[in-house]
K.L.:
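One structure is given below, represented as structure tokens, and several questions about it will come after.
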Amino acid sequence: MKKKLIIIISVVAVLIVAAVAVYFVSMLSDTPSPEAEQEENEARTVVYSDDATLFNSLTVENEHGSYTLVRDGDSIVIEGREQIPLLSASSTSMFETFADVYVVRTISEDSTEGFGFDSPSAVLTVKKADGSEKTMYIGDIAANTEGCRYMCFAGESTVYLMDADRSERYLADKSLLYSKTVSKYFTSDEMVSISIVRPDGEEILLRPSNEEESGDMNFISGYTMEKPFLFGADSDIVTSLCETLATLPSASVVEDDVTEETLAEYGISNGTTVTVVANYDTTSMTLDSGDVNPYYDPGNEDGLVTLTTVYRIGGTRENLIYFTYDDIPIIYSLTKSDMDFINTETYQYCQRLVNIAYLTDLSGLSVDTCDGNIYDFVITSEADGEGNVDVSSVTLDYAAVDTDNFKSFYQNIVSVSHSDIGTKPEDSDCVLRLTYEFTSGERDIVEFWSFPDDSRKTFMTIDGEGRFVVLMTKVDKIKNDLQKLLSGEEINTN
């Protein structure tokens with residue numbers, strides 16, 4: 001009897017355990033997994049399908065206003081704002097989403113009341129090539145969903161649940177469709193010119209040196225600053241400027257209703273104007289940056305297209321700077337550091353070396369230290385059997401001067417660089433005078449003039465004309481090197 005009781009108790013215990021297990025399994029099966037919840041909120045049924053290429057236009061009305069997307073050849077533009085470039089993928093998806101309308105599920109088939117369609121979040125109207133129209137209403141957010149909204153078509157009683165990804169694109173402001181690209185990629189080799197007109201009217205005009213200038217040592221950098229005066233341009237500054245203007249980051253849209261008042265408000269009316277002219281390659285499908293070349297045109301026989309880009313740059317607020325790009329009616333913003341080049345001082349655009357001449361082009365160099373001493377060096381150059389010209393001898397008062405040491409002396413002279421642009425001070429004294437006698441018979445006189453109120457600076461002139469300020473330390477080094485040359489001490493060119 002006792003044994004039978006034990007068996008009965010064991011069977012009951014097993015049944016109880018099994019029942020509990022079944023209960024928990026059923027509970028788990030009734031609790032949707034995160035994957036199931038996600039699937040619940042994802043579109044998986046097509047309730048309307050059409051050919052997007054047959055849509056002529058799509059009008060969107062939402063809390064931000066109303067706009068109409070229309071086809072313009074292979075592109076899509078906003079009616080009335082055709083000059084604003086749109087993001088290709090985003091604008092295309094506006095049509096394609098309406099062409100294949102996916103929904104999560106059907107909510108009601110007999111009434112559209114109570115879903116927010118009386119005051120819809122968005123109204124979308126497609127006009128087709130055959131003249132027919134199709135209108136969609138997007139209503140309230142459905143409870144207990146990941147942002148899904150109710151949706152219905154005009155003239156129909158069925159209500160659907162549309163996922164947030166599809167509905168949200170129609171609820172956003174039209175500016176989200178705007179392209180934020182504010183530069184055209186080019187290299188310094190493709191640059192034709194860059195003009196920077198400052199608010200005070202001063203223009204800095206930079207360009208590659210022409211053939212005639214390329215043979216002149218004053219344009220040794222390969223670039224020319226044509227304005228505000230003709231001079232060699234600093235190659236590092238020019239190439240850096242090209243790189244900056246060719247690769248500006250994506251900008252933010254600040255205003256898309258541009259008026260004279262808004263231009264003035266953001267300081268653009270009286271700001272800096274930057275104009276870039278560049279040749280763009282049409283032969284390659286990709287740019288050096290790896291991006292698709294928007295100018296690719298195998299039918300262009302020249303292989304180049306010349307384009308002009310204009311920036312009107314205004315004021316700053318906090319860390320932002322405001323500007324317009326080409327004739328697009330938008331005010332953009334970037335961080336101030338992206339356009340630091342507008343603060344570059346004029347002298348910095350100039351070639352740093354201001355007194356360049358090949359030593360082998362000279363027959364003589366006179367150094368007047370302006371203290372009663374003048375040193376006239378006679379220079380002789382000869383060509384070797386291969387036609388290479390080099391200095392063969394240097395004399396001072398008929399006495400030989402160490403040729404290599406003289407080359408170092410001369411190298412330091414032509415390495416003098418400017419530190420600013422200025423004007424010759426009144427009542428100044430000449431502190432150093434260099435007279436270049438060229439083998440061609442020409443002569444240049446380079447003079448350094450003191451600043452009565454600043455002993456750290458000198459003003460440099462060539463044949464009486466000058467623009468550059470040179471530090472007095474540069475002049476002192478030439479004088480010190482002269483003494484080393486005269487005493488036979490080795491001159492350091494570092």
Side-chain angles (χ1 to χ4, degrees), residues 179-208 221-229 231-255 258 262-278 287-289 291 307-326 328 330-353 417-422 467-469:
S179 170
K180 310 306 187 297
T181 299
V182 290
S183 60
K184 303 180 184 76
Y185 181 82
F186 67 99
T187 66
S188 56
D189 291 336
E190 296 167 329
M191 183 264 284
V192 176
S193 67
I194 297 176
S195 167
I196 302 172
V197 180
R198 302 188 190 276
D200 62 3
E202 181 190 48
E203 180 180 7
I204 298 168
L205 180 58
L206 308 167
R207 59 171 174 78
S221 67
Y223 296 98
T224 296
M225 185 178 76
E226 190 171 301
K227 295 179 181 179
F229 52 83
F231 198 76
D234 187 288
S235 60
D236 290 339
I237 294 292
V238 173
T239 53
S240 175
L241 179 60
C242 288
E243 182 178 352
T244 296
L245 290 169
T247 59
L248 287 170
S250 294
S252 298
V253 174
V254 180
E255 297 278 355
V258 179
T262 54
L263 290 173
E265 178 185 349
Y266 287 95
I268 295 171
S269 299
N270 300 308
T272 299
T273 300
V274 178
T275 304
V276 180
V277 181
L287 302 171
D288 290 347
S289 61
D291 296 331
L307 301 176
T308 299
T309 304
V310 179
Y311 299 92
R312 296 177 64 193
I313 304 171
T316 61
R317 296 178 189 173
E318 296 180 350
N319 194 39
L320 299 177
I321 187 166
Y322 303 98
F323 65 98
T324 62
Y325 171 59
D326 284 343
I328 299 172
I330 290 178
I331 294 177
Y332 299 94
S333 71
L334 288 171
T335 58
K336 288 191 294 185
S337 60
D338 293 322
M339 289 189 165
D340 266 352
F341 63 86
I342 66 170
N343 299 315
T344 301
E345 295 188 48
T346 304
Y347 82 89
Q348 293 176 293
Y349 287 104
C350 298
Q351 183 173 284
R352 302 297 290 167
L353 304 180
S417 59
H418 59 78
S419 61
D420 202 351
I421 292 175
R467 298 183 180 89
F468 297 108
V469 174

K.L.:
Between D234 and M225, is a side chain to side chain contact (heavy atoms under 4.5 Å, CB included) present by the stated rule, with each step listed?
P.N.:
CA-CA 9 Å; D234 187 288; M225 185 178 76; over 6 Å; no

K.L.:
Verify, without hydrogens or angle tests, whether T239 (side chain) and S235 (backbone) share a donor-acceptor contact under 3.5 angstrom.
P.N.:
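Yes; judged by distance alone, with no hydrogens or angles, the pair exists.
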
K.L.:
In chain order, what residues pass the salt bridge (charged side-chain N to carboxylate O under 4.0 Å, His left out) check against D340, with sequence neighbours excluded?
P.N.:
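By the salt bridge (charged side-chain N to carboxylate O under 4.0 Å, His left out) rule, D340 matches no residue at all.
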
K.L.:
For the side chain of D326 and the backbone of I328, is there at least one donor-acceptor N/O pair under 3.5 Å apart?
P.N.:
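A pair under 3.5 Å: no.
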
K.L.:
Can you find a side-chain donor-acceptor pair between K184 and T309 that sits under 3.5 Å?
P.N.:
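The criterion, which ignores hydrogens and geometry beyond distance, is satisfied for T309 and K184.
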
K.L.:
What's the separation between atom CG in L248 and atom CG in D338, rounded to the nearest 0.5 Å?
P.N.:
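Spacing of CG (L248) from CG (D338) equals 6.5 Å.
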
K.L.:
Check the pair Y322 / Y332 against ring-ring contact (aromatic ring centres under 6.0 Å, His included), numbers first and verdict last.
P.N.:
CA-CA 6 Å; Y322 303 98; Y332 299 94; over 10 Å; no

K.L.:
Could I get the full list of ring pair (Phe, Tyr, Trp, His ring centres under 6.0 Å) partners for F186, not counting sequence neighbours?
P.N.:
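Ring pair (Phe, Tyr, Trp, His ring centres under 6.0 Å) list for F186, sorted by chain: empty.
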
K.L.:
Without placing hydrogens or testing angles, list every side-chain donor-acceptor pair under 3.5 Å for residues 266-277, not counting sequence neighbours.
P.N.:
unit_1 : atom_1 : unit_2 : atom_2 : d
Y266   : OH     : E255   : OE2    : 3.3
S269   : OG     : A264   : N      : 3.3

K.L.:
If the condition is ring pair (Phe, Tyr, Trp, His ring centres under 6.0 Å), which residues does Y349 pass it with, not counting sequence neighbours?
P.N.:
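Applying ring pair (Phe, Tyr, Trp, His ring centres under 6.0 Å) to Y349 gives none.
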
K.L.:
Please name all residues satisfying ring pair (Phe, Tyr, Trp, His ring centres under 6.0 Å) with Y223, sequence neighbours left out, ordered by chain then number.
P.N.:
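If we apply the ring pair (Phe, Tyr, Trp, His ring centres under 6.0 Å) test to Y223, skipping adjacent residues, there are no hits.
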
K.L.:
Check the orientation of F231 and F468. Use parallel for under 30°, tilted for 30 to 60°, and perpendicular for over 60°.
P.N.:
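Judged by the thresholds at 30° and 60°, the geometry between F231 and F468 is tilted.
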
K.L.:
Considering residues at least two apart in sequence or located in another chain, which fulfil the side-chain hydrogen bond (donor to acceptor under 3.5 Å, both in side chains) criterion with E265?
P.N.:
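Expected list: none.
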
K.L.:
Around atom CD of E243, are there more than 12 heavy atoms from other residues, nucleotides or ligands closer than 6.0 Å?
P.N.:
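Not buried by this count: 12 neighbours or fewer within 6.0 Å.
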
K.L.:
So, R207 side chain and M191 main chain: donor-acceptor pair closer than 3.5 Å or not?
P.N.:
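Side chain of R207 to backbone of M191, a donor-acceptor pair under 3.5 Å: no, none is there.
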
K.L.:
Keeping T224 on the side-chain end and E226 on the backbone end, is there a donor-acceptor pair under 3.5 Å?
P.N.:
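Checked: no pair found.
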
K.L.:
Are the side chain of S221 and the backbone N or O of A233 linked by a donor-acceptor pair below 3.5 Å?
P.N.:
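Yes, S221 side chain to A233 backbone: donor-acceptor pair under 3.5 Å.
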
K.L.:
Apply side chain to side chain contact (heavy atoms under 4.5 Å, CB included) to the pair L241 and I196, showing each step before the final yes or no.
P.N.:
CA-CA 11 Å; L241 179 60; I196 302 172; 4.2 Å; yes

